[in-house]
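The figures here come from the full heavy-atom set of this structure, side chains too, leaving out hydrogens, waters and symmetry mates. Read the numbers this way: they start at 1 and go in the same order the structure lists the ligands and their atoms.
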Amino acid sequence: MNLKNLSILLAALPLAACAHGPAGEAMAAWAPEESQAIAAWPVRSPTTVQDAEVEAHIRAIVAGMTLEQKIGQMTQPDIRYITPDQVREHYIGTILNGGGAWPSMDKHASVADWAALADAYAHASTSTDMPVQIPILWGIDAVHGNNNVYGATLFPHNIGLGAAHDPELIERIGAATARSVRATGISWAFAPTLAVAENQRWGRAYESYSSDPAEVARNGAALVRGLQGDMVGEGAVLATAKHFVGDGGTYLGIDQGETRTSADYLARVHGAGYYATLDAHVQSVMVSYSSWTMDGRIPFGKMHGDKALVTGVLKQSLGFDGLVVSDWNAIEQVPGCSVDHCPQAINAGVDIFMVPEKWQGFIANTIADVREGRVPMARIDDAVTRILRVKFRLGLFDRPTSASRYTGDASAISDRPLAQEAVRKSVVLLKNDNGTLPLAPGKRVLVVGAAADSFADQSGGWSITWQGDAIDNGDFPNGETLLAGMQRVFGSANVTYSPDAHGVDPARFDVVVAVLSETPHAEMKGDVRWPAPLSHSASYPGDAALLARVSGKGAPVVTVLYSGRTVYTTDLLNQSDAFVAAFLPGTEAGAMADLMAGRNGLDFSGRLSFAWPNTPCISGGEPAGEALFPRNYGLSYRAGKKTGKLREAESVQSCP
Ligand code: GLC
């Protein structure tokens, strides 16, 4: 339905009088400490223009909606727990598929299967008994390509993209990701993460571009531009600035933990990505699970209940007029709330509630909250207004998401050349003594380590499944492992593969490539909790044993590490002649082989986006005294230097 037809229909509906603040919410009165917190942030004009005709339509639509229909718009179930018919019956405005959810729960679901399911939900959402049909919005964690989808190209995770120092590349990755998402009939990506990770113990450190707020800002804005384009194009999707705010600053890197900073630091460091992505016209913001304690002594509590920051800062001071979405069941962490009931979060300024399973309880409880005066109707109207505004801006009222040339196009989820470029730019050469690299053609290469031939290890979390677990190479029909890349570049006859390095004599080869890896993880499952040592050998003794089996045995060793963080590896560096920090390169890890051969003049250009620690007991914040290699460090063939033997920390079983 286009705006013209809509205006004819809406003319019949009664207009409601709505009092709105500068960015569409009722102005609030703040306690002194709240005013102090808010004052630390800049006051900015909205970066988006509100179209008067659209706003009038929105007001008329909202005025014609029942409370049930309004709350339905604010509710976001997971596809595992809601059918298209229920979407219609309950006026649901958005859905999501969390990591590890696919059409018919088939992890090999085709692009056509995804598009068909999206169409079923879209059709249901516009088949209600409402006077004006409101199209549904489906959100997905496309955080390094459309990573839930079988056959999709998965790009390097953000920690690697940060090391590329190439926002233009990230913008192209955003555009490719948007096309890949639209191929599945979906039009909302829960990316970019704008965390400024300050402690590599954090299980989500790899979702952060850098410990440098300016890098996070540049790269986050680039991804938003790539994803959203002009917002209405056939290859555009809604982007999400997440997780507001301070997710990367939690104490000891505890996921969903407590960020203890001054208001000024929160605004300057952890807010950096939000100014830039607002300038890039990001239209959705996801709230952080974490909490904030001002100056380490004034608790503002969980972000999902923090009206001063979500409404006072984000919506009023920063002028954000898009929609705010909660994180997965995050409202249950707000004191006094439960998984399906949280008036505090609604009043704080959250507009859409990611209540994957208990969504029916949420609807019933929220209707009661409004009827019993715990949530003012003005707040509900503001939330629905924001949701409709974003849907108008996405063009959903003019044409269904499925009306894109990418819908159902399996070729649109693949962009191997772009991913290969990203891999080559994102890996960092930390050591290259005695000219070990580049490897000349014809070299006899022994490759060891199961990770050398593991799409799961090279892709990390958020890959097919939430944790990147319970998958194998059969789940990745499109891409190249490092082993396959080595075989391609050096010739299979010159490459011998031994996953465990047993029964092979390194001395019979010209070089050994040892591929070590973290176990893929996402969110809290990746935390390395204090006082455990943040050391790869301590966490993965099998890797340490593998390297010991080939190091100093008659052939130089090139170690390649897949990790979602910078991590203490001085012991491993000392057993290696060359060392590549590959981070989590995604489905095209094989592109490293071209780099390691220096083919066609290829050279390393990656530079660390986080400091590389010299201790397993990092304190957080990357003090210079704890850096083996500082942020922006990285060698190349043209600018190499001898690393030599490094001083190792005492054998650390536990940090003090
Ligand atoms: C997760 C993550 C968030 C993600 C959401 C939906 O818990 O915190 O980044 O977008 O849930 O999967």
Side-chain angles (χ1 to χ4, degrees), residues 75-82 94-102 137-149 157-159 177 181 184 186-197 202-209 216 220 223-224 227 237-250 253-257 259 273-274 277 282-291 302-304 323-334 339 345 350-359 460-469 520-527 564:
T75 305
Q76 185 175 48
D78 178 277
I79 61 171
R80 284 165 280 201
Y81 307 108
I82 189 164
T94 66
I95 52 174
L96 86 149
N97 62 290
W102 318 275
L137 197 48
W138 179 344
I140 190 170
D141 287 287
V143 295
H144 64 133
N146 198 1
N147 39 264
N148 296 273
V149 178
H157 271 294
N158 290 349
I159 188 171
T177 300
V181 170
T184 52
I186 297 170
S187 50
W188 186 6
F190 297 139
T193 292
L194 300 174
V196 179
W202 187 36
R204 305 192 74 164
Y206 67 84
E207 296 185 67
S208 173
Y209 288 111
V216 169
L223 193 82
V224 168
L227 286 171
V237 298
L238 174 64
T240 309
K242 73 181 189 180
H243 312 79
F244 186 81
V245 64
D247 50 350
T250 56
I254 296 170
D255 190 39
Q256 305 183 9
T259 296
Y274 293 88
T277 50
V282 71
Q283 282 294 289
S284 80
V285 172
M286 187 181 292
V287 181
S288 178
Y289 282 110
S290 55
S291 60
K302 283 289 180 178
M303 284 303 307
H304 279 78
L323 66 85
V324 174
V325 60
S326 71
D327 205 334
W328 183 280
N329 283 334
I331 57 174
E332 68 181 343
Q333 296 185 24
V334 176
V339 71
V350 178
D351 303 310
I352 290 180
F353 288 79
M354 194 183 291
V355 184
E357 186 175 359
K358 304 297 185 186
W359 55 271
W462 300 104
S463 300
I464 304 296
T465 62
W466 175 43
Q467 294 292 325
D469 60 354
H521 56 261
E523 303 193 60
M524 69 299 288
K525 291 188 78 171
D527 283 3

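Under the 3.5 Å distance criterion, with hydrogens and angles disregarded, no donor-acceptor pair is assigned to the side chains of Gln467 and Lys525.
Looking at Thr250 and Asp255, their side chains never come closer than 4.5 Å, going by heavy atoms from C-beta outward. In this structure, the side chains of Trp462 and Arg204 come closer than 4.5 Å at one or more pairs of heavy atoms. Looking at Thr193 and Asp247, their side chains come closer than 4.5 Å, going by heavy atoms from C-beta outward. Under the 4.5 Å side-chain criterion, counting only non-hydrogen atoms from C-beta, Thr184 is not in contact with Trp138.
In summary, of the residues considered (Ile464, Asn97, Ile79, Val149), a side chain to side chain contact (heavy atoms under 4.5 Å, CB included) with Trp102 occurs for Ile464 alone.
Listed by number with element, the atoms of ligand 1 under 4.0 angstrom from any heavy atom of Phe190 are 10 (O). Of all atoms in ligand 1, numbered sequentially from 1 with element shown, those under 4.0 Å from a heavy atom of His243 are 3 (C), 8 (O), 9 (O). Heavy-atom contacts of Lys242 reach the following atoms of ligand 1: 3 (C), 4 (C), 9 (O), 10 (O) (cutoff under 4.0 Å).
The closest approach between any non-hydrogen atom of Met286 and ligand 1 is below 4.0 Å.
The residue Trp466 has no part lying near ligand 1, judged by heavy-atom distances below 4.0 Å. In Met524, neither the side chain nor the backbone holds a heavy atom less than 4.0 Å from any atom of ligand 1.
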Salt bridge (charged side-chain N to carboxylate O under 4.0 Å, His left out), that's the test. Do Asp327 and Lys302 meet it? Break it down for me.
CA-CA 12 Å; Asp327 205 334; Lys302 283 289 180 178; over 6 Å; no
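Considering both main-chain and side-chain atoms, Trp462 never comes within under 3.5 Å of ligand 1 through any nitrogen or oxygen pair. The distance criterion of under 3.5 Å between nitrogen or oxygen atoms is not met by Trp328 with respect to ligand 1. Taking only nitrogen or oxygen atoms, main chain and side chain alike, Glu523 reaches within less than 3.5 Å of ligand 1.
The aromatic rings of His144 and His157 lie parallel to each other, with less than 30° between the two planes, well short of the 60° mark.
Nearest to atom 6 (C) of ligand 1 among the protein's heavy atoms is Asp141 OD2, 3.2 Å. Nearest non-hydrogen protein atom to atom 8 (O) of ligand 1 is Asp327 OD2, 2.6 Å.
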